[in-house]
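In what follows, a single structure is set out as structure tokens and then discussed.
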Amino acid sequence: MSGEQPLLRLEGVSKRFTKHLDAAEKLVNLVGGRRREEVVHAVDDVSLDVREGEVVGLVGESGCGKSTLGRVVAGVHQPSDGKVIWRGKDVSGLTGAARRDALLKIQMIFQDPMSSLNPRMRVADIIGEAPRVHGLVPAADIPAYVDEMLQRVGLDPAYKTRYPHQFSGGQRQRIGIARALAVKPDFLVCDESIAALDVSIQAQVLNLFMDLRTDLGLTYLFISHDLGVVEHLSDRVVIMYLGRVVESAPTEALFGGPNHPYARALLDEVPRIDRRKRAFQPVKGEIPSPLSPPSGCHFHPRCPHATARCREEVPRLREIAPGWTSACHLNDERG
Amino acid sequence: MTTPNTQPGATPPGGSALAAAMPAVPPVESPLRRFLSDFSASWLALLATLMLAVIILIALFAPWISPQDPYDLAVVSIFDARLPPGSTSMDGTTFWLGTDGAGRDLLSAIFYGLRISLSVGVMSGIIAIIVGMSVGLAAAYAGGRTETLIMRVVDLQLSLPAVLIALILLAILGKGVDKIIIALVIAQWAYYARTVRASALVERRREYVEAAACLGLGHARIVFRHILPNCVAPLIVVGTVQTAHAIALEATLSFLGVGLPLTEPSLGLLISNGFEYMLSGKYWIAVFPGVALLLTIVSINIVGDQLRDVLNPRLQK
Amino acid sequence: MPVFAPPDFLGEAPVPVRPFSAVFTSFAPLCAPVERSRPMSVFILRRLMQSALVMVAMAAIVFFGMHLVGDPVDMFVSPDMDQADIEQVVRALGLDRPILEQFWAFVTSALQGDLGQSFVFGQPALGLILERMPATLELAFIALLMAIVFGIPLGLYAGLKPDSPVSRTIMAGSILGFSLPTFWVGIMLIMVFAVMLGWLPSTGRGETVEVLGVPVSFLTLDGLRHLILPAFNLALLKISLVIRLTRAGTREVMLQDYIKFARAKGLGRGRIVGVHVMKNILIPVVTVLGLEFGSLIAFSVVTETIFAWPGMGKLLIESIQQLDRPVIVAYLMMIVFLFVVINLVVDVLYSILDPRVRLGDRGA
Amino acid sequence: MSQTSPVLQVEDLQTHFFTRAGVARAVDGVSFSLGRGEVMGLVGESGSGKTVTGFSLLGLVDPPGRIVGGSIRLGGEELIGRSERDWQALRGTRIAMIFQDPMMTLNPVLRIDTQMIEAIRAHAPVSEADARERARAALARVGIPSPDERLAAYPHQFSGGMRQRVAIAIALLNEPDVIVADEPTTALDVTIQAQILYEVRKLCAETGMAMIWITHDLAVVGGLADKVAVMYAGRIVEEGPVDAVLDGPLHPYTHGLVGSVPSQNQRGQKLTQIPGMAPSLLSLPPGCSFAPRCARADGACAVMPDLVGSGDGRAMRCHHPHLPPGEAAGGAIGETGRARA
Amino acid sequence: MTSVRTPLLRAAVAFACAAAVSAPALASDLRIGVASEATSIDPHFHNLGPNNQIASQIFDRLINQGDRQQLEPGLAVSWKPINNTTWEFKLREGVTFHDGSPFTADDVLCTFARAPEVPNSPASFSTYIKGKTFKKVDDFTVHVTTDEPYPTMANDLSVIPVISDEVGCGATTADFNDGKAAMGTGPFKFVEYVPGDRIVLAANENYWGGRPEWDKVTIKPIKAGPSRVAALLAGDVDMISGVPTTDIGTLKETKGIVLSQGVSNRVIYLHVDQFRENSPFVKANGGGDIKNPLMDQKVRLAISKAISRELIRDRVMEGLSIPAGQLLPDGFFGVSDKLKPEAYDPEGAKALLAEAGVPDGFELTIHGPNDRYINDAKIVEGIAQMLTRVGIKTKVETMPRSVYFKRASTGAEGGLPEFSLILVGWGAGSGEASSPLRSLIATYDKEKGMGAANRGRHSDAKVDELVEQALKTVDDGKRAALLAEATELAMANLAIIPIHYQVNTWASREGIVYTPRSDEYTLAHYARSQ
């Protein structure tokens, strides 16, 4: 890693969701019942650096914790363990204005263009609310500022008195982006931000993201299950499986030859327009429930190379090449 | 229903490469306007709304439009008791709907009775909404043990029928408009709490709430400006139905003799008084207040029904 | 009426909503919620703990509340008694003791199953209630039966053909049935069927026969004749409720993908409505009806008063009027207990009907 | 491929929705044919009419929608105008369908065996035991482990991928000639989608069923289908063998669609994009519906172009197609019998 | 008043007749709908009208009360004082209980031993028994001794049902309810008691007074007045008690229904706060405090004059009341023949108010029950109207008796009555003027047991003296004179303001005639078929 301070650093971040036992369940346990607290390790000890101006793609299937991680980064969830360090400062240690600024600098673009906009608010209020509340823009300038934001995302300011339901999916997503941009962020967490859009609209929004990156120097954490999109956009790709990072590598390196068996399976199995009719054997089995993940390496029940060790020992992420880490015991054997 | 796919186009401002099929800018369709157009799709609902409006106006202006002040004992005379519709009193006033057992002009008594029935229903509704809404929102937003505790209380309360709760409360509290409002509020707040909590829970999980948190907006702002307005629709539906319930409940309680005092006759009490005359041929004493009560409750329920259809998120797109 | 187009046509995939919750929320004001949890044992235990709490709370509130109102002795004494006689009655009923002491005495004996003696009847309050309970339960059960027998077919029809004139009539009728206050309907029923037409008796319970030691009236012709009017009076509201629930449920279910899938399998309409739709709507209907059974018992207070039906609702009203505190408190304890039982039964029924509940719902 | 008569022949199918806001021509003159064992990808964005086309093929269009014209011939038999009873007999036996959301296609309160057995017994007087055996076999065929146990399970006890397999098994039960699959893998994870695609490809090869795979994902079609039809605003704008279409799209819309897939672009470069958005079916522009979004559009596009076929099984509906270099407009493309005004 | 009736009601009546005619019960069966239910079959459990009513049919008393509560020989054929403090009762011979066992003095002794001691009794008969010593002289003679001369001995003993020594005296209330101990000498035998639904009796073939006419009597409690009427019209019962005044007009015109009416021993009257300088519900015009004008006899008289008892009778009671000028209707023991109801005289009332220094009246709240007496709330309203018309601005507050009586008796601080002007009723169970005089008029005195229900706290030493004297005077003539004198004195002072005596109505299907009773009881053996 370069000595340059990363814009955002995650240190051993975990997020657990726990369903506690109530009095009745405890009582049942007293008389020999076996009720346990249900704990979901949505994110399990994830460390990650994002440098200024970088686009990091976060990839994984459902239940892998990528969305939760994104929300921890964006400050929507507090991590159960670990630190989120923004420009060298632990966010949880910040208070007052500093905390608010750190919060505002990281914004999130959501998946569902239907539910990410408050249906009872006009577009102008959706975009203008936060700058007004935080006093980022003088109250008198808010209308002009909203117009500017709308134009930046390619919408006609004439529509700002509308309500979200009067827009198409793609347009709503643009409104969501304008809302985030209105608080002048440095870092955008895009959580499946184009997954719900039609193919032709996806391209439009992706292009908008790329424009914004060049125009505003934004840094992205781009969360997606769509490997093609991630490959196209990211400088670096992080692959998660059941709450853990299994591999992290520069995009080209990863797509050139993934190291972790799961990453390999994932990359192989994505249908691609340029690789048709390949005969392959899909990876077997289902994604286990995050409520009771397999022991050791979470991937071992589905892994064609699994050994006894994989069942018992959790593989650590280790650097296999500069800037390329992978969590697989096989790497140890190879040397 | 609104037309699908009528979306305003995006304009290509400056450099952004967005050519667009540009429909003419349609009028701004606010949720309210959309709601109104959906609501008025049913003529029955419109009729009921009209009827309700008339009833409310009568209730509001009862003191000014009633031929007689049925509470003024200097005017009411038992000389005029139980006169049939259309009779005239000693001093020449006509009782269009007859008089009751105490010599009150029934038309005036119905107007005032409407006033009392409606105000009992509406007042208890409003207070119960405020209480229920606060509790429900608090539960949904606080989560955890607070929520569990609150919802347990709500569940427990809901497992006992309102009529029973009100009956016992009134047995303890005694009669009176204030007492019955208290009883109805206690009997009904839990419905609102549950409704608000249910929709607040749904709303709280929506991404716009996360977005608001992300934008650093305060808890109060998120709860009251973002979540609450989106919980209003089910609240309105439940509110109308519960208000109709409250009115019927008050009538029932008054009938059972634990509701309102005789001197402040609601419609229910008027019917209850008329019940005594049911077999004596003096039908008007019970029938006319009964019709008024029925019209009130039916129109509220029809309005509520249409509201349910229009505001139901499942049927709405 | 909203227009439905296939999902693709609307440009939005429909949000999958479990039909149950959908129906439930659309009828939120009409039915109490049921806490659904996975293992039965914990569930039952939780219910029991809760209900024990309510029963204590209820007893305390009513006990202390009732002591603020009136003086039962005033209700009982005969005119010729002098002050000394009255005081003797007060002592005999234990009303001279401090209220906390009275409550403590009540609680300790309640724990031994003795809920006190009725002031008015001089009998154990619990016994009085149990004695009248079969009459009320019978009435409520028959009303429930009527609600199902009339409500489900009508609601099904209205849900399958929402725009037909017959359906509109059914729905208008259900709004009416909803809006008519029970007491008013009761009076009208007596007027028309007992007084005018003379077809059915106006009041009372009629002949009963004992089944397993419990007197029931539906097995004798006379009993049945006495039963019809009050049961219908009590059922009317629930018939409307069931119609609306069934209709809403049917409409909801008919829109589900699995109905379309069933059609794509080539199933006939009979099979789809009779099995696929029915089984789904039965879940909310049975659940809600189970919970409404409680409200049937509560509303029997009104019906029993009008029809002079010798059940426990009538006993309650009379006890309230006569300030027979032990009976009021005991009635409430019984009701809470009964509701606990009903809720449990409903939950068991629900879990039988809805497989998603039976075995820990892991899908979500 | 097309020597034998096609299993399914659709001609000028028109399905319209009569809404309060007007008539939506969800399917407006769709024609295609499908041979035995052939897999056709029906590609389009939301609102393009691909799902309605699928429903139309099974006679499952509900009011306010109605098939207003055209012809659907299944094994030579005309289906349009048949009674509901006839349709019922056909569905599930000759033509079956799989839906998008595996969570919603199975009735949550009925056991899997009930739902499978009823599908068999609705069409043939089969004994309960025989039907169960066939159901078991069908489950085994779609790769569901221990099918005996799974038969007695309820849908919620299956994962999404497994439910989709069950749905496929049900569609297979009566060995239909054609299966219409409406975005069956869209809701699934990548690795699970891969498994399903693998199974389906295998099944088609084994059984000789024809399949219409409705999707918005060109990549999936590329891996699965023999031929592809691209829909836009209720009409097929281009069709042809899958490789030919994906490698050399003729219609500007297809061209844009293929171009907007990231992997078709240089990494980090701006994607080719189709400007604007799909028009409302209630107010389609006159002439070519794509014209307002089309860079090549001109005055000629005010007239709706016909679907013109070329000799290599390709056809498209455009006045200004992207022809391969060297080919003059109209040179290689002649009129075929399939194209209709 | 014009009588307008809808076709519906006309039809109702027509059908009702048809029903009544078409479904006559067996001639020897009688089904009675009564307003209130007995709480027990145990005749000593609760001294309460409905209970006594049932008991009167199964059990006899030493002395029975006739339809006007006149004393008639019951199980005692004669009674007389044999000295100042001893009464001798000669018992009827040859009487048997329903189980066939003979009636003797032992039964009487055990009855009076049990009656005051019933566990859980909310109001026992001890009032009538305390201070009395019972002695068996022989099998058919009993002596009762008291410390003081005790003139109302016969009245007291006319309320206590006699039970059987063998099965009754050791029995619990529950034993009576399930019939085991319900063994009397009365005209009817106990058959069945279904609480809340019915009590069934059968004729006592061996009744000493002759076999009753009805083989089987079913008594059904039907609380709601209209339901009771409906039950009669529908032919579900043959006779009902407590016909609501509102339905009397209709029933009168209904073919196949006959009514019987009789004045009751119950006087409806106003108690007036006469002991507080500041009465809580009396205010000056405009709401300020005022010295309690009700303490002025003139104001009380003005109130009495302001009330038109005739109007209340005609418009509220539908003719079913008798304007009252004293405590008991004419003909009862100890009433004064000089007292007449106060005539309606609003001008006189106004003049009296002016004389009393309140020419413009004052503000007043009148309280009353709404579920106790016939049309109670309506009477209160009518009175309020009339008072308002003479300048006393009157508000009305009515409440259920469960709340009302406590507040009326002890609602204010220190256990004092809470209200200023209240409507109450008093039924003299013994049928003597001594009953209301002692409880309502005499000075409130816990020690002496006087004025227990004196909620106005009227106090007049002269009246007290007369009453006390009367209660020790055994000679009937002298006693009656003393009581009448006390009554006159109290009425002159307006200790209470009497309104009217209730008139009770029974309705039965044609062919059954009921002899009305002043104690309001509905007894099967008072119903005769024609």
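Sequence lines set the chain letters: A, B, ... in the order given, protein chains first and strands last, and positions in each chain run from 1. Atoms considered below: every heavy atom in the structure, side chains included; atoms not considered: hydrogens, waters and symmetry mates.
- Between A/E129 and B/L217 the shortest side-chain heavy-atom distance falls below 4.5 Å.
- For NZ of A/K83, the number of neighbouring non-hydrogen atoms (other residues, nucleotides, ligands) closer than 6.0 Å is 12 at most.
- In terms of heavy-atom pairs under 4.5 angstrom with chain B, the leader among A/S115, A/A180, A/A182 is A/S115.
- Contact tally against chain A (heavy-atom pairs below 4.5 Å) for B/A212, B/G218, B/C214, B/P229: the top residue is B/C214.
- Atoms CZ and CD, from A/R71 and B/E210 in turn, are 4.0 Å apart once rounded to the nearest 0.5 Å.
- In summary, of the residues considered (B/R225, B/E207, B/H226, B/E203), a side-chain contact (heavy atoms from CB on, under 4.5 Å) with A/N118 occurs for B/H226 alone.
- Around the CE atom of A/M210, the shell of radius 6.0 Å holds more than 12 heavy atoms that belong to other residues, nucleotides or ligands.
- With contacts defined as side-chain heavy-atom distances shorter than 4.5 Å, the pair B/Y208/A/P119 qualifies.
- Shown here for B/G216 and A/H134, the closest heavy-atom pair between the two residues is O-CE1, 3.0 Å.
- Contact of A/L103 with chain B is made through backbone and side chain together, with heavy-atom distances under 4.5 Å.
- In terms of heavy-atom pairs under 4.5 Å with chain B, the best-connected choice from A/R100, A/Q111, A/R179, A/Q107 is A/Q107.
- Taken to the nearest 0.5 Å, the CG atom of B/L228 stands 11.0 Å off from the CZ atom of A/R120.
- In terms of heavy-atom pairs under 4.5 Å with chain A, the best-connected choice from B/N230, B/T148, B/V232 is B/N230.
- Note: A/L104 leads A/L104, A/V183, A/I106 in heavy-atom pairs under 4.5 Å with chain B.
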